[in-house]
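Residue numbers start at 1 and run along the sequence shown.
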Amino acid sequence: TSLCILYCVFYASVKSGTGHVDETGKITGEYKFSSITENNGRSKEIVHSWEQICDVVKEKKRFRLNPKMYHAGAFSFEIRAWDIGPEDTQEIADHFDLQKAKIRKSIKAHKGISVYRDGLLALPKSDDARDWLGLDLRRVSKVGTRLSTSQIVGYVSISASENPELTDTSNREGLAYCLEVSEFQEILKSIINMMENERDIDRSKIDRAKPIEDLFSDLDASKFVDQTSEMIKDGADVNDLLPVIKSYSANLGLAKKIIQERFTYYSRLATIGTVAQMIVHEIRNRATSVGAFLDLLKLRLGPFKDDVLQKYTRACDAIESLEKISDTFLPLASRSFRKRKNNSILEERINACLDMQHGEITRKKILCNVPDSKTRVAVDAGELDAIILNLISNATYWLGQVSYKRIISFTINYIPNKPRVRLTVNNNGPEIEEEDIEKIFWPGVTRKPGGIGMGLTVVSELVAEYEGKLGLKNSENGKGVSFFFDIPYLQN
């Protein structure tokens, strides 16, 4: 059982605190995590700019968000989340000596995110409006773990002076939809997304960081045999040996569990191409049908009033989010059933991918440096595009966090004594924290609000198809990170 608390800055212990979104839309905060039953925890500072938040809001909106201009105003918040499954609530009940029913009842009484204007409750005014942010609907739009309204107790403080456009609807069950309200909602959703991403990392029970050979060392019985033999020589009886036997048995059980989980994880990666085909097929079929119905609904019954429009917009957003998931998995899904042509010019593919991201690169004023050469590689052009495009997209997103001159540079080096070439994609944005360097390649792990954590997994899988490996390194000056991978080149 775990508890996550988010203070604009996210918190995960039973502490109190406040978080803040400033007048530019910048989120500055701290995430904290703690387990109810285990003596562990983690905290992480979170900083996200309004520009980064807009980067992941791709759905069509009634009001187009401007990444260069934020209007909703500054506000503070605190959000807490719990695991509330049957086993989780039982652990809480046992730990705090409470009745299980009272735990759920207490969370239910305050569930959701409440908005206070100058100290007075603005939202929600009734139980039916507790999910005014649409958190439960968005749960279908991500592969991974979403927090539901019933797991969250949140507090957001706004004011008439700082947030004059955040006004109530006539029935006082929501906020009157306008540009400022749209921005306000997207920031809160981003905060929840970031909280979920961090929580997913903490909830992971697989010790992926432990070297594979060390997993089997826990099965070694030599120390147990030596210890018991020594005790028997000293005249120990069965009662003396029993604690040692129990301890060894427990260690064996734990080692068995970790090995099973690790190899289940690896087997899932090995079959990700098959799973990707299923995801793309199922999502696209259903999204197309539902999207067509929504278009027909708007044509026959539109224009909608504010309350219906919000629900309609959320439904459209969910469909578009599902289609994005499909696009993410497409490179892995398509590689198994189309014939590949392993002959591409690396620099041409880089420039083609930069052209695809031209709008974002221009808007963020990013300088891109591409070698003036022609390196022919034995890689399918479509798969190479998927690799490079993911790395460019990742770089442009994180460059949105810095205010100095933004640069993406590409370096190509031939590997000595091997018919392979290494491409390094460097950006001078924020470096990656040491604790994240390995985790960043895990499926489902992401720091992007609204991300599904599969981009770098897709890149890793595609590179591995050509017997290469994806890696990363922070720059020595503390500004920037480099992703690199090796692929075969065609010799003349």
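Every residue two or more places apart in sequence or in another chain that forms a salt bridge (Lys or Arg N to Asp or Glu O under 4.0 Å) with Glu51 is listed here: Lys68, Arg363, Arg406. Applying the side-chain contact (heavy atoms from CB on, under 4.5 Å) rule to Ala395 yields the partners Ile408, Asn427; only residues at least two apart in sequence or on another chain are considered. Shown here are the side-chain contact (heavy atoms from CB on, under 4.5 Å) partners of Glu23, two or more places apart in sequence or in another chain: there are none. In terms of the ring pair (Phe, Tyr, Trp, His ring centres under 6.0 Å) criterion, Trp132 has no residue partners (sequence neighbours excluded). Looking at residues two or more places apart in sequence or on another chain, you find a side-chain contact (heavy atoms from CB on, under 4.5 Å) between Thr24 and Asp22, Lys26. Take Gln401 and apply the side chain to side chain donor-acceptor pair (under 3.5 Å) test, not counting sequence neighbours, and it matches Gln52.
Side chains of Val156 and Tyr116 form no contact here, defined as non-hydrogen atoms less than 4.5 Å apart. Side-chain contact check for Phe33 versus Glu198: every heavy-atom pair is 4.5 Å or farther apart.
For Asn474 against Ile432, the heavy-atom pair with the smallest separation is ND2-O, 2.6 Å. Shown here for Cys353 and Leu389, the closest heavy-atom pair between the two residues is O-CD1, 3.6 Å. Of all heavy-atom pairs spanning Ser182 and Leu65, the tightest one is OG-CD2, 3.8 Å.
Residues Phe184 and Phe75 place their aromatic rings such that the two centres sit under 6.0 Å apart. Taking the centre of each ring, Trp50 and His71 stay at or above the 6.0 Å mark.
Defined by atom type and a distance below 3.5 Å, a donor-acceptor pair is missing between the side-chain atoms of Tyr397 and Glu360. Remark: the Asn369 side chain and the Ser409 side chain contain no N/O donor-acceptor pair separated by less than 3.5 Å.
Ion pairing between Arg349 and Asp385 holds under the 4.0 Å rule for side-chain N and carboxylate O. Ionic pairing of Asp168 and Arg117 is present here: one or more N-O contacts between side-chain nitrogen and carboxylate oxygen are shorter than 4.0 angstrom.
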For a side-chain contact (heavy atoms from CB on, under 4.5 Å) check, start with the C-alpha distance between Leu354 and Val370, then their side-chain angles and the critical distance, and finish with the verdict.
CA-CA 10 Å; Leu354 289 173; Val370 182; 3.5 Å; yes
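Around NZ of Lys364, the count of heavy atoms belonging to other residues, nucleotides or ligands within 6.0 Å exceeds 12.
Seen from the ring of Tyr404, Lys479 counts as a face-on cation partner, given the 6.0 Å and 45° thresholds.
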